[in-house]
*Asks:* 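A single structure is presented below for examination.
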Amino acid sequence: MSIILGIESTAHTFGIGIVKNGKILSNIKSSFTTEKGGLIPLEVAKHHRENKERIYFESLEKAGISEEKIDAIAFSQGPGLAPCLLEGIKFAKEISLKLKKPIIPVNHCVAHLEIGQITGARDPVMLYASGANTQVIAYASGKYRVFGETLDIGVGNFIDTFARYAGIGFPGGPAIEKLSLTGKTLIELPYTIKGMDCAFSGILTNLKQKLESGSPRDDSDEPSGEPNYKLSDLAYSMQEVVFAMLVETAERALAHTGKNELLLGGGVACNSRLQEMCKIMCDERGAKFFVPSNDLLTDNGSMIAYLGEILFKNRDFILAKDIDKVDIAPRQRTDDVEIKYK
Ligand code: AMP
Ligand code: MG
């Protein structure tokens with residue numbers, strides 16, 4: 001019997017979740033957003049600082065436990081933005097010292113994967129499509145191996161930047177998805193995939209040129225006299241092309257590993273069209289498809305607590321007296337992490 005508190009702070013979201021024996025008791029978060037423009041790490045860190053206490057107490061209240069009941073504090077060690085990670089580790093250490101309970105450093109990407117167990121996934125290939133990360137990951141010989149990944153930017157950052165060019169604030173993904181629903185014309189865009197790796201910056205440049213090549217950009221039908229692309233058509237085409245690339249990498253990973261489960265993870269996985277395309281691919285090859293609920297797909301504290309509990313049960317933690325030895329790891333890769341519990 002264990003109760004683990006998990007802290008997420010790698011990027012836009014500060015979240016605290018509490019897990020007891022694999023069950024999520026609470027999952028409270030606050031996400032940094034903008035009307036216009038993107039993420040500025042120091043501003044996001046300030047958001048985390050200003051919200052952490054409130055989220056901590058709300059999470060305890062939702063879980064219906066007092067803080068003394070917590071057995072250990074898990075936190076996102078990396079990868080992520082250093083100023084944001086520092087807010088998380090500082091808060092984790094504060095609670096660890098106050099309660100005299102161990103601390104558990106957790107890899108954020110592995111947490112996205114392990115929370116998939118809640119949906120019934122056992123040995124999946126994960127298509128991890130988030131803001132900063134885009135990888136196809138699966139377990140093999142002691143580690144989660146990266147079978148394919150973006151060679152430049154994460155797919156979420158790519159969509160957010162496209163949205164920013166179109167005057168949409170952060171996060172752009174949900175707004176672009178909404179716009180895509182009214183798109184009708186499929187516009188040709190570059191399709192950049194090599195094996196199981198993808199690249200997005202060329203498509204971004206192409207989209208930017210198309211956005212700038214015609215006005216109006218606001219989807220009104222007024223003639224502009226210029227070559228004109230409707231934003232809704234660009235949003236629709238971007239999704240069709242880029243998600244097809246992602247699904248192709250995932251399918252190739254399924255074929256090469258011989259696994260028959262696909263798990264979606266990361267904030268971009270909230271997109272209904274991406275989910276639909278993955279489902280079609282899985283149905284066609286007789287694989288099982290798993291997708292957690294949206295509150296577990298975007299960054300959250302309960303996935304950190306969930307993996308924290310697995311590590312805790314495996315006695316993989318650091319005692320409060322040794323916490324000075326623990327630091328953040330902004331560039332930690334999924335395949336840096338030894339998986340000792342499998
Ligand atoms: P994460 O870093 O895993 O929390 O994911 C955040 C990213 O998910 C941001 O880049 C968002 O724009 C993106 N995102 C969230 N919802 C959607 C959606 N419905 N469609 C596409 N991208 C989305
Ligand atoms: Mg994430």
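Numbering of ligands and ligand atoms starts at 1, following listing order. Any value given below was found using the heavy atoms of this structure, including those in side chains, with hydrogens, waters and symmetry copies removed.
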*Asks:* Using the ring centroid of each side chain, check whether His12 and Phe170 are separated by less than 6.0 Å.
*Replies:*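 Centroid separation for His12 and Phe170: below 6.0 Å.
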*Asks:* Of the options Glu240, Glu177, Gln239, which is the one that meets Arg273 in a side chain to side chain donor-acceptor pair (under 3.5 Å)?
*Replies:*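 Only one of Glu240, Glu177, Gln239 forms a side chain to side chain donor-acceptor pair (under 3.5 Å) with Arg273, namely Glu240.
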*Asks:* Could a heavy atom of Gln239 be found less than 4.0 Å from some atom of ligand 1?
*Replies:*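 No heavy atom of Gln239 comes that close to ligand 1.
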*Asks:* Within a distance under 4.0 Å of any heavy atom of Gly156, pick out the atoms of ligand 1 and give their elements.
*Replies:*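 Those of ligand 1 that fall under 4.0 Å from Gly156 are 10 (O).
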*Asks:* Leu127 pairs by side chain to side chain contact (heavy atoms under 4.5 Å, CB included) with which of Val136, Val155, Leu263?
*Replies:*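 Looking at Val136, Val155, Leu263, the match for Leu127 under the side chain to side chain contact (heavy atoms under 4.5 Å, CB included) is Val136.
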*Asks:* Which heavy atom of the protein is the closest neighbour of atom 7 (C) of ligand 1, given with residue, atom name and distance?
*Replies:*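 Heavy-atom neighbour on the protein nearest atom 7 (C) of ligand 1: Gly131 N, 3.8 Å.
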*Asks:* Are side-chain heavy atoms of Lys93 and Lys90 found at a separation under 4.5 Å?
*Replies:*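 They are not in contact (no side-chain heavy atoms under 4.5 Å apart), so the answer is no.
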*Asks:* May I ask you to identify, for Asp160, whether its side chain, its backbone, both or neither come under 4.0 Å of ligand 1 on a heavy-atom basis?
*Replies:*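 The side chain, only.
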*Asks:* Any luck finding a side-chain donor-acceptor pair between Thr298 and Lys29 under 3.5 Å?
*Replies:*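 A pair is found: one side chain offers a donor N or O, the other an acceptor, under 3.5 Å apart.
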*Asks:* Answer yes or no: does an N/O atom from Gly266 fall short of 3.5 Å to an N/O atom of ligand 1?
*Replies:*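 The answer is no, given that Gly266 and ligand 1 share no N or O pair closer than 3.5 Å.
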*Asks:* Can you tell me the N, O or S atom of Asp299 that's nearest the Mg ion (ligand 2)?
*Replies:*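 In Asp299, the heteroatom (N, O or S) nearest the Mg ion (ligand 2) is OD1.
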*Asks:* Can you list the ligand 1 atoms lying under 4.0 Å from a non-hydrogen atom of Pro171?
*Replies:*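 Listed by number with element, the hits are 11 (C), 12 (O).
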*Asks:* Under a 3.5 Å threshold, yes or no: a donor from one side chain and an acceptor from the other, between Glu94 and Tyr56?
*Replies:*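 Short answer, no.
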*Asks:* Below 3.5 Å, N or O to N or O, backbone or side chain included: is there any such pair between Gly173 and ligand 1?
*Replies:*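 Yes, there is a polar N/O contact under 3.5 Å.
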*Asks:* N/O to N/O below 3.5 Å, does that happen between Glu177 and ligand 1?
*Replies:*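 Yes, there is a polar N/O contact under 3.5 Å.
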*Asks:* Return the closest protein heavy atom for atom 15 (C) of ligand 1 as residue, atom name and distance.
*Replies:*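 The closest heavy atom on the protein side is Gly267 O, 3.4 Å.
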*Asks:* Just checking, is any N or O donor in the side chain of Ser9 or Ser76 under 3.5 Å from an acceptor N or O on the other one?
*Replies:*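 Ser76 and Ser9 do not have a side-chain donor-acceptor pair below 3.5 Å.
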